Asker: 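Below is one structure. I have some questions about it.
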Amino acid sequence: MTDNQPKRILVAPAWPYASGPRHLGHVVGFAVPADIFARYHRLKGNDVLMVSGTDEHGTPTMVVADKEGVSPREIADRYNASIREDLRDLGISYDCFTRTTTQNHARVTQDIFRTLYDNGWLIEQTALGAFSATTGNTLPDRYIEGTCPICGYPQARGDQCDNCGNQLDPVDLINPRSIIDGTTPEFRETKHLFLNLPAFADRLRPWLESKTHWRPNVRNFSLALVDELKPRAMTRDIDWGIPVPVEGYPPETKRIYVWFDAVIGYLSAAIECAANRGEPKSWREWWQNDDAHHSYFMGKDNIVFHTIIWPAMLLGYDIGGEIGAGKPLRQPDDVVASEFLRLGDEQFSASRGVGVNVRDVLERYDPDPVRYYLTAAGPETQDSSFTWAEFIRRNNDELLANWGNLVNRTLTNAYRNFGEVPAPGELTEPDQAVLDAVAAAFGPVGRLIEQSRFKAALAEAMSASTAVNQYISEQAPWSVIKADRARAATILNVALRCVDGLKVLFTPFLPFSSQKLHELMGYDDVLSGPLEFREVEEEEGARHTVLTGDYSGWRRGWGPTDLPAGQRLREPEPLFKKLDPV
RNA sequence: GGCGGCGUAGCUCAGUCGGUUAGAGCGCUGCACUCAUAAUGCAGAGGUCGGUGGUUCGAGCCCACCCGCCGCUACCA
């Protein structure tokens, strides 16, 4: 990715589960890093395709639906709508943020499932499963509670006893009960189709070993798994999900495992996006192109699905059925997993009500301070804690004090004294040095973004901002102008050009304030525009709404700008609000 | 239990293949400036790099053990 040829970059952020509102711990992992990466590559001139959507099938959606006495579809609809609004308001620039309940997604999923079955990678096995006595649905191990057969702890979970730490089988629990409604689960034999993961181990291992540029946590974790692979069931005893395209698996009782279809979303959403644009074959430029690059973004809990299961599915699908049409599909080039965000010293947990919902934050604060915080203080290499006090402090003492203040003092000086970008005279050595410093920041910041080192990239951009603050303090145009207006014009011209360059440097991280600054600088075009919802129609009147944007009209160019002297400035206003300490 | 991670300045964290006086941001102290949302700039104080013992000419980085915290352990994502 270091040459100058435009590249096809697939940005693949994990699919948020449509079973409830998403909190900061979710978006810090998949949304914000992916968006920084996507926006950077767009600025650089690459062909970015960022696709994802809400993950709507599976047990968690059903559990929520059962609790509320509504259909799973109703839950999925509700949270698809709220999650895509959260993501729009955070400025996550998806080319297509769709959902897994589309006809397109079902078609692609079934093609892959059927092809894996025909190729012999899905094998039928029977296992003892737990079922809810009231609904007849599968009861995942975690939803069963009982007395631990080892230590006698009365609230052991089906998979593990929280008291003695032993791993359990729900069948062995004394007095088992469903945590959903308290009834005793039924255990009976059930057949499923298992993906033969061990059969791929010898191809996955060297592939993983070759990924030396991955974050160590992702690579090491995956390599540890690859030697102990067991076949994994890809069907479930539920009636909410994509029907199994194999005989003997009626949709009334059996559906495809939610994770099987969720990872396929990266492919099906690319196909949908192409169709929505009226170029139905264009997705192949990303998926069947040796020069393309695929980067996946997620929390660490999703690693196994992206480094083992999805690659195995792609290997098994090989040159494909209907979708592949004779050519293999591209494997992940990078899998970027974040660690976990804690709330103070507690783990975020949707089920225990510990967390800060994206919506709650965005109702009180602008998106860029939130993005700044999640990038600067996010759990990039180890778990980190969110606190409101830290959020306020980062906003006031870093974002506003350094970058916001630089913009404000520069624009205020220039606007008040000249009303436009003043024409420069001859440049002094310090003038050239600060311009060079800003220009020189693009290389490292870009490289760090490409390496998924977003924290360091943002710090690098901030230090470039510091350099310009230093320059202005040393040159003191407010003082110079009293005796030498021409020299003050030169200083402010240089400062404005620096700010204009920094604006681009900050755009991937802070798209909203960068666009606002773009306008204050007197530009009329779009650096980073609004995202939008579009309705998509499928067969028989089925409709859904996708989050997208018209990125083709956004300004390109990863480097210093060519700010024209004489360009009228607009009346300055602060980019960021000072927040009251909590 | 097994596997893995973490413990570096008051706070949050960087420290790539072990190599000169251990870094950053914020906070703190002093000075300067006063264009700017009291925001900026300069200077400075502050760490026996969790503990113990090893390997090495040399260890924050490697090894062993110990203490503390955490995650994963796959039909919950």
Side-chain angles (χ1 to χ4, degrees), chain A residues 14-17 19 26 55 58-61 63 127 129-130 138-143 157-160 164-167 170 190 192 194 197 216-217 220-221 224-225 228-238 257-260 262 298-305 308-309 339-340 342 345 347 350-351 376-377 380-385 387 389-390 393-394 396-398 400-414 416-417 453 455-456 458-460 462-463 466 468-481 488 492 495 572-579:
Chain A
W15 292 55
Y17 221 85
S19 60
H26 294 117
D55 183 8
T59 315
T61 306
V63 169
T138 297
L139 220 38
D141 294 354
R142 277 277 281 266
Y143 290 115
R157 294 183 323 207
D159 56 343
Q160 184 176 25
C164 66
N166 281 294
Q167 229 180 125
T190 176
H192 284 293
F194 286 68
L197 289 171
N217 64 333
N220 293 341
F221 180 72
L225 294 174
E228 296 171 34
L229 292 175
K230 285 178 283 193
R232 182 163 171 143
M234 292 294 148
T235 51
R236 290 291 183 277
D237 293 294
I238 54 177
Y257 172 43
V258 61
W259 261 109
F260 184 93
M298 69 208 68
K300 62 181 168 185
D301 49 346
N302 281 354
I303 292 173
V304 63
F305 301 103
I308 303 285
I309 295 176
E339 302 292 302
F340 285 148
R342 294 191 306 271
D345 51 11
Q347 201 64 238
S351 54
E380 194 167 290
T381 54
Q382 61 179 283
D383 292 357
S384 70
S385 293
T387 64
E390 261 297 283
R393 191 197 66 69
R394 292 258 185 192
N396 291 352
D397 298 342
E398 296 182 10
L400 185 152
N402 185 339
W403 169 231
N405 181 51
L406 170 64
V407 169
N408 200 231
R409 68 197 300 212
T410 305
L411 288 182
T412 303
N413 267 289
R416 191 175 297 162
N417 291 302
R453 298 184 57 190
K455 216 182 247 206
L458 181 54
E460 192 73 25
M462 285 297 277
S463 79
T466 298
V468 182
N469 265 322
Q470 286 169 340
Y471 167 81
I472 294 188
S473 291
E474 283 163 11
Q475 298 300 317
W478 53 89
S479 165
V480 169
I481 197 166
L492 286 171
E573 52 180 283
L575 247 32
F576 309 108
K577 295 188 198 87
K578 183 127 188 168
L579 304 174

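The sequence lines fix the lettering, A, B, ..., with proteins before strands; numbering per chain opens at 1. These numbers were taken from a predicted model, which means no experiment stands behind them.
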Asker: Tell me the partner of B:A59, counting only Watson-Crick (N1-N3 plus N6-O4 or O6-N4) or G-U wobble (N1-O2 and O6-N3) with both under 3.5 Å; none if nothing fits.
Answerer: none

Asker: Could you tell me how far apart A:R416 (CZ) and B:A36 (P) are, to the nearest whole angstrom?
Answerer: 5 Å

Asker: Check the distance between B:U12's P and A:E339's CD and give it to me in whole angstrom.
Answerer: 17 Å

Asker: Have a look at A:F576 and say if it touches a base, only the backbone sugar-phosphate, or nothing, with a 4.0 Å heavy-atom cut-off.
Answerer: base

Asker: So, does A:Q470 get its side chain near the phosphate of B:C42, meaning an N or O under 4.0 Å from OP1 or OP2?
Answerer: yes

Asker: Round to a whole Å and report the spacing from CZ of A:F340 to P of B:C69.
Answerer: 20 Å

Asker: Is there a side-chain contact (heavy atoms from CB on, under 4.5 Å) between A:N469 and A:N402? Walk through the geometry before answering.
Answerer: CA-CA 8 Å; A:N469 265 322; A:N402 185 339; 3.3 Å; yes

Asker: What's the closest nucleotide to the A:N405 side chain, out of B:A39, B:C75, B:A77?
Answerer: B:A39

Asker: Name the pairing partner of B:A64, where a pair is Watson-Crick or G-U wobble with both distances under 3.5 Å, or state none.
Answerer: B:U52

Asker: Please report the distance separating the P of B:C63 from the corresponding atom of B:G5, rounded so that it comes out in whole Å.
Answerer: 10 Å

Asker: Which nucleotide sits closest to the side chain of A:W478: B:G71, B:A77, B:C35?
Answerer: B:C35

Asker: Now, which nucleotide makes the Watson-Crick or G-U wobble pair with B:G1, with each of the two distances under 3.5 Å?
Answerer: B:U73

Asker: Looking at A:L406, A:T412, A:L411, which hits side-chain contact (heavy atoms from CB on, under 4.5 Å) with A:N408?
Answerer: A:T412

Asker: Expressed as a whole number of Å, how far does the P atom of B:C75 sit from that of B:C28?
Answerer: 50 Å

Asker: Can you say whether a donor on the side chain of A:D397 sits under 3.5 Å from an acceptor on the base of B:C26, or the other way round?
Answerer: no

Asker: Under 4.0 Å, heavy atoms only, any strand: does A:T235 hit a base, just the sugar-phosphate, or nothing?
Answerer: nothing

Asker: Can you check the distance between B:G25 and B:G44, where both ends of the measurement are the P atom (answer in whole Å)?
Answerer: 13 Å

Asker: Let's see if you can work this out: which of B:A77, B:C35, B:G41 has an atom nearest to the side-chain heavy atoms of A:R409?
Answerer: B:C35

Asker: Find which nucleotide of RNA chain B each of A:R394 and A:V304 is nearest to by heavy atoms, and output the residue with the more 5' nucleotide.
Answerer: A:R394

Asker: Taking the same atom, C1', in B:G46 and in B:G51, what whole-Å distance lies between them?
Answerer: 23 Å

Asker: Please give the distance between the P atoms of B:G2 and B:G47 as a whole number of Å.
Answerer: 39 Å

Asker: Classify the nucleic acid contact of A:A377 as base, sugar-phosphate or nothing, counting any heavy atom under 4.0 Å across all strands shown.
Answerer: nothing

Asker: Rounded to whole Å, please give me the gap between CD in A:E390 and C1' in B:C13.
Answerer: 10 Å

Asker: Taking the same atom, P, in B:G10 and in B:G50, what whole-Å distance lies between them?
Answerer: 13 Å

Asker: Could you give the CG-to-C1' distance, from A:D301 to B:G71, as a whole number of Å?
Answerer: 11 Å

Asker: What nucleic acid atoms does A:V258 come within less than 4.0 Å of, heavy atoms only: base, sugar-phosphate, or nothing?
Answerer: sugar-phosphate

Asker: Need the pair for B:A38. Rule: Watson-Crick or G-U wobble, both distances under 3.5 Å, any strand; none if unpaired.
Answerer: none

Asker: Which is true for A:P60 with a 4.0 Å heavy-atom rule: it touches a base, it touches only sugar-phosphate, or it touches nothing?
Answerer: sugar-phosphate

Asker: Give me the distance, rounded to whole Å, that separates B:U37 from B:C13 when you measure between the C1' atoms they each carry.
Answerer: 27 Å

Asker: To the nearest 0.5 Å, what is the distance between CZ on A:R232 and CD1 on A:I309?
Answerer: 4.0 Å

Asker: Using a cut-off of 4.0 Å on non-hydrogen atoms, how would the nucleic acid contact of A:L197 be classed: base, sugar-phosphate, or nothing?
Answerer: nothing

Asker: From the set B:U40, B:C33, B:A74, return the single nucleotide nearest to any side-chain atom of A:N469.
Answerer: B:U40

Asker: Can you work out whether A:L229 or A:R393 has the more 5'-proximal nearest nucleotide on RNA chain B?
Answerer: A:R393

Asker: Specify the closest pair of heavy atoms between A:A233 and A:H192, including all atoms of both residues, with the distance to one decimal.
Answerer: CB-CB, 4.2 Å

Asker: OP1, OP2 of B:C13 versus side-chain N and O of A:K455: anything below 4.0 Å?
Answerer: no

Asker: Specify the separation, in whole Å, of atom CG of A:D237 and atom P of B:C75.
Answerer: 15 Å

Asker: Please find the pair of heavy atoms, one from A:N302 and one from A:W259, that lie closest to each other, and give the distance.
Answerer: OD1-CZ2, 3.3 Å

Asker: Expressed as a whole number of Å, how far does the C1' atom of B:G54 sit from that of B:U16?
Answerer: 26 Å

Asker: Partner lookup for B:C26, please. Criteria are Watson-Crick or G-U wobble with both distances under 3.5 angstrom; report none if nothing qualifies.
Answerer: B:G10

Asker: Can you tell me how far C1' of B:A77 sits from NE2 of A:H26, to the nearest Å?
Answerer: 8 Å

Asker: May I ask you to check if A:K300 and A:F221 form a cation-pi contact, with NZ or CZ under 6.0 angstrom from the six-membered ring centre and within 45° of the axis?
Answerer: no

Asker: Does B:U16 have its OP1 or OP2 closer than 4.0 Å to a side-chain nitrogen or oxygen of A:R453?
Answerer: no

Asker: How long is the line joining CG of A:L400 and P of B:G25, in whole Å?
Answerer: 18 Å

Asker: Working to the nearest 0.5 angstrom, can you tell me the gap between A:K230 NZ and A:L197 CG?
Answerer: 11.0 Å

Asker: Is there a side-chain contact between A:R453 and A:E380 (heavy atoms, below 4.5 Å)?
Answerer: yes

Asker: Checking all strands, does A:N408 fall into the base, sugar-phosphate, or nothing category for heavy-atom contacts under 4.0 angstrom?
Answerer: base

